[in-house]
Amino acid sequence: MSDLFVTLRINGTDHALSLDPRVTLLDALREHLHFTGTKKGCDQGQCGACTVLVNGRRINSCLTLAVMHEGDEIQTIEGLGTPEHLHPMQQAFLERDGYQCGYCTPGQIMSAVAVLDEIERGVPSHVTHDIGAPPPLSDEEVRERMSGNLCRCSAYPNIIAAIRDVSGGAA
Amino acid sequence: MIGDGINRTEGPRKVAGQVPYSAERRDAGDPLHGFVRGAAIGSGRITEIDTTAAEAAPGVRLVLTHRNAPPQGDLADLGGLHDAKPELVDDRIVRYGQPVALVVADSFEQARAAAMLIEVSYDREPADFDFFAHAGGGEVQDVSAVGDFEQAFAEAPVSIDATYTTPYHFGHPMEPNAAIADWRDGHLTVYLTAQMLNQLLDGLALTLMLDKADITIDSAYVGGGFGSKIGLHCEAVLASLATRILERPVKLAMTRRQMFSLVGHRAASQSRIRLGATADGRLTALGHDAHVQTTIRDDWREPVANVARALYAAPNRLTRRSHVELDVGAPEPVRGPGELPGLMVFESAVDELAEKLGMDPVELRLRNDTQIDPEKNRPLNGRRLADCLREGAERFGWDDRPIVPASRRDGDWLIGYGVASSIRSHWQMATDVRVRIDPAGLVTVQSDMTDLGTGTYTIMAQVAASALNVPVEQVQVELGRTDHPKGWGSGGSWGSGNMSVATDRACSAVREKVFAAAGKGFNDIFAEVRRHFPNGVEAIGHTIGANDDPNYKAYSQFTYGASFAEVGVDAYTGEVRLRRMLGVFSFGRVLNAKTARSQLLGGMIWGVSAALHEGGDVDPRYGHWVNGDLAEYLIPTHADIPAIDAIVLDDFDEHANHMGVKGIGELGAGGTGGSVANAVYNATGVRVRDFPITLGRLLPGLIARG
């Protein structure tokens, strides 16, 4: 299978690649560009560990091919903050111990950032009782929207506490 | 310092995605990529295997099958931790998904595609895959008997006799099992995601027929374990075989679906529990007969019937286990081996007895509390089960419980409360830790211990900082290499006890060396090291194994807890929702309040999962895992877990060790599942004895009750 050329714009920087068209966005990040903060937990869209933002929307990067993303703005955990300068969501996960092994954590954090944005933009969810009104910033809404991100260490209560710290909302 | 809930020392790098897990390691340079082709039958023989197309596929460097695999060490009859685990040995298939070929190629995509080009023909043989077709029977083992159980049970004024089942469970850490193996200059380095490194090294060296000194296993960061990374599995063996042939580093990661068949599972179990009591709720007879799955090749037998041996007093006791050998693959330890299924069902039975007695289930448990191990007749040090139950009942508002089942409603939701006790063995294993002080002002702690998310990096830094009276920032903890001092890794909830004792002792030994050189007391240990040890100073600290420790002869060592749950059950659909939950635990001294609470909460959620969600289903005709992925093998998500809390009765157990510390990795799960199951009964009046409690199992009873 002959390679295709693609330029991936990741965390604001262009990366020109020649890729086997079967390479997923996840494997392009991990194996070709060594952005290994994005994790492979199931490679079939069931665990959320590979969550990245593409043009501001969160997606499972294992379920999309890299060559489909020419010109897209891709944001990974590496683009959110660094150990020395953590994003407020990363800092909240640290303080609340919203992780144990840390493997699902980048995906949880990318999802959490996107969830708050989705609520802010008024995007309804399965548990939004009145889809005509802006969705509330409730724990119920956040839990529902975070449910695509599995955590086997089961840090769920601490993750919700971290998101609450950042959003300033929810009982 | 010790006990403070400081943030994890590696935390800033973890939340920034900067911690390299095994498959992400770059130490060996760009690796080749492997992919395993698994068997499509559960039992039989390979009659033909044609690798021509795979070998001709783009980028393929190696196709390994039983026909060309190098010689390996013999599989011992009983496949223990230290034994050889050869792969691709012959044409015999003993479980569905067993590796029949390894393909190594330049890229992951090439290896995966080529693996699918291999043509395999099989001769299927009759096999036995169905645990639930084998109720009871088999050789009885691990018997513990006190008094005359049968007579006491027959004469008991009040008794229950109930049979429960639990399904297959899988550990499923979020990081799949993976290895990068790198053979160069006659030395093999395996970057492996693993729990017990030097034990794995024994097995790997035997398998590869190499000297242990020629292998290093490096497991600096581990993305969860839960038992899945204790045993030696094919990713380590096959990647090592391939790198020796190709003399290039080889990466091999299991897919999530492969983890169902390439890593072991928790055995399915059936338990018959018989309890006899006086009318005022004193147990006179306590019996637990467990039956579990195993295979002909492996000796791990889930110790389901052991869990109540020190849980409650009763003069007449009989607990024992039998097993059936099936062709579904080897069982392995999964978090809370024995306890998670065993306590869930035993504590369900205690609830049934409370119901029959008309007693408060908390009161029944308190009435049968004991400070003496009822089977070994020695003190249960640090036993605060009663405190856990009382404190939990008070905080949870247990007095407000619906006393009559199915008596409380909130709209369409039936509301119920449940309680269960937890007990967990506290083990201690021979462990060495090295502590080094450099004149530049750095303390280095080294061990082959791993941190699975358990907080080991952090608590060891806290213990060393406290012992040496230096800031925790000046302590560097280096874990996860087989060439570090040897211990027993992460498993069995023994890590924090083993490590804190050995680390503290190593620090004391270093201090003594500095003191001897200084000839006087000192405030600044680094100043003395600069003065007297320009090249630094180090010492080894040791923890002795339980078998050599007088504490283990004088006392029965356990940790304790109590769990309280409130559920809502939809009166029309049978949907169960956890509403709130509280765990109260006692395990001696807390090393880090933050990470301890996290580990307990995580364990409690495992209990919820066992009660309501998890169960692996095997196809009884072909032996494959029917629900073999994370969409079908259900584990809790955010939406399943409300605000829950874990409270610790902080203490110091001087009979455990000089640090007062016992482990908690598995205590949180303990009997938690039982509290959820009992809450479901309290909500509905329907007792489901087959776990997990699904809608399909609950609805017939709900309909029958109207």
Side-chain angles (χ1 to χ4, degrees), chain A residues 1 20 22-23 27 30-31 34-47 49 76-78 80-84 86 89-91 93-95 97-106 109 127 139-140 142-160, chain B residues 7-8 10-21 23-24 26 33 58 107-110 113 171-176 221-226 253 255-257 452-455 594-595 597-599 601-606 609 629-631 635-645:
Chain A
M1 206 162 288
D20 184 324
R22 295 170 296 189
V23 174
D27 284 328
R30 287 171 61 83
E31 302 295 338
H34 309 302
F35 285 107
T36 51
T38 305
K39 303 302 183 191
K40 183 184 280 192
C42 71
D43 215 13
Q44 54 185 153
Q46 296 172 343
C47 79
T76 70
I77 190 76
E78 290 90 349
L80 201 62
T82 63
E84 298 73 30
L86 295 174
M89 190 64 79
Q90 293 170 316
Q91 187 69 38
F93 270 65
L94 177 69
E95 297 295 336
D97 211 33
Y99 62 103
Q100 288 176 43
C101 79
Y103 197 78
C104 75
T105 310
I109 290 172
V127 298
D139 285 356
E140 184 190 25
V142 173
R143 287 194 182 104
E144 171 62 26
R145 291 164 192 263
M146 288 297 294
S147 284
N149 290 84
L150 300 180
C151 173
R152 189 56 157 162
C153 300
S154 305
Y156 298 128
N158 293 350
I159 292 171
I160 296 300
Chain B
N7 294 333
R8 289 171 200 264
E10 82 286 17
R13 290 188 298 129
K14 271 189 176 172
V15 299
Q18 302 287 335
V19 161
Y21 298 83
E24 301 162 358
R26 301 272 296 143
H33 296 262
S107 77
F108 171 67
E109 293 75 19
Q110 290 168 333
H172 279 311
M174 293 313 299
E175 180 205 17
Y221 297 100
V222 182
F226 315 117
T255 69
R256 181 59 62 180
R257 294 188 69 97
L452 317 180
T454 40
K594 188 178 285 191
T595 58
R597 176 174 176 273
S598 295
Q599 209 174 12
L601 288 175
M604 289 164 65
I605 293 169
W606 273 61
S609 189
D629 63 42
L630 288 178
I635 63 173
T637 70
H638 279 279
D640 296 311
I641 302 300
I644 67 174
D645 206 359

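The shown structure was predicted, so the numbers you read here are calculated from the model rather than taken from an experiment. Chain naming here is simple, since letters A, B, ... match the order of the sequence lines and numbering starts at 1 in each.
Of the listed residues (A:I109, A:L86, A:N158), the one with the most heavy-atom contacts under 4.5 Å to chain B is A:N158. Of the listed residues (A:L80, A:V23, A:I159), the one with the most heavy-atom contacts under 4.5 Å to chain B is A:V23. The candidate with the highest count of non-hydrogen atom pairs below 4.5 Å against chain B, out of A:A155, A:C104, A:C153, is A:C153. Ranked by heavy-atom pairs under 4.5 Å with chain A, the list B:E109, B:K594, B:H172, B:R13 is led by B:E109. Counting heavy-atom pairs under 4.5 Å between each of A:G148, A:G102, A:C47 and chain B puts A:G102 at the top. Taking A:C42, A:G37, A:P106 one by one and counting their heavy-atom pairs under 4.5 Å with chain B, the maximum is reached by A:C42.
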Begin with the C-alpha distance, continue with both residues' side-chain angles, and end with the deciding distance and a verdict on side-chain contact (heavy atoms from CB on, under 4.5 Å) for B:I641 and A:S154.
CA-CA 9 Å; B:I641 302 300; A:S154 305; over 6 Å; no
side-chain contact (heavy atoms from CB on, under 4.5 Å) for B:T454 and A:Q100? Distances and angles first, verdict last.
CA-CA 6 Å; B:T454 40; A:Q100 288 176 43; over 6 Å; no
Passes salt bridge (Lys or Arg N to Asp or Glu O under 4.0 Å), A:D43 versus B:R256? Steps please.
CA-CA 7 Å; A:D43 215 13; B:R256 181 59 62 180; over 6 Å; no
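For B:L452, the part lying under 4.5 angstrom from a heavy atom of chain A is the backbone only. Looking at B:T255, neither its backbone nor its side chain comes within 4.5 Å of chain A, counting heavy atoms on both sides. For A:Q91, no part lies under 4.5 angstrom from a heavy atom of chain B. Only the backbone of A:T82 comes within less than 4.5 Å of a heavy atom in chain B; its side chain stays farther off. For chain A, the nearby part of B:F226 is the side chain; its heavy atoms alone come within less than 4.5 Å. Looking at B:S609, only its side chain comes within 4.5 Å of chain A, counting heavy atoms on both sides. No part of A:E140 comes within reach of chain B, as not one of its non-hydrogen atoms sits under 4.5 angstrom from that chain. Contacts of B:D645 with chain A are absent, with no heavy-atom separation under 4.5 Å from either backbone or side chain.
Atom CG of A:D20 sits about 5.5 Å away from atom OG of B:S107, to the nearest 0.5 Å. A:L150 contributes atom CG, which lies 4.5 Å from atom CD1 of B:I635 (distance to the nearest 0.5 angstrom). The CZ atom of B:R257 sits 7.5 Å away from atom CD of A:Q46, with the distance rounded to the nearest 0.5 Å. A distance of 9.5 Å separates OG1 in A:T38 from CD in B:E24, rounded to the nearest 0.5 Å. Between the CG atom in B:D640 and the OH atom in A:Y156 there is a gap of 8.0 Å [rounded to 0.5 Å].
Considering every non-hydrogen atom in both B:A16 and A:Q90, the closest pair reads CA-NE2, 3.5 Å. A pairwise comparison of heavy atoms in A:S147 and B:T637 identifies OG-OG1, 3.3 Å as the closest pair. Taking every heavy atom of both residues into account, B:I605 and A:P157 meet most closely at CD1-CD, 3.7 Å. Taking each heavy atom of A:Y103 and B:Y21 in turn, the nearest pair found is N-OH, 3.5 Å. Nearest heavy-atom pair, B:A113 versus A:R22, reported as atom, atom and distance to 0.1 Å: CB-NH1, 3.4 Å.
Taking the ring axis of B:F108 as reference, the NZ or CZ atom of A:K40 stays within 45° of it and closer than 6.0 Å to the ring centre.
Counting heavy atoms from C-beta outward, B:Q18 and A:E78 have side chains that approach closer than 4.5 Å.
Ion pairing of B:E175 with A:K39 is absent here, as no side-chain N (NZ or NE/NH1/NH2) approaches a carboxylate O to less than 4.0 Å.
A:D97 pairs in a salt bridge (Lys or Arg N to Asp or Glu O under 4.0 Å) with only one of the listed residues (B:R597, B:R8, B:K14), which is B:R8.
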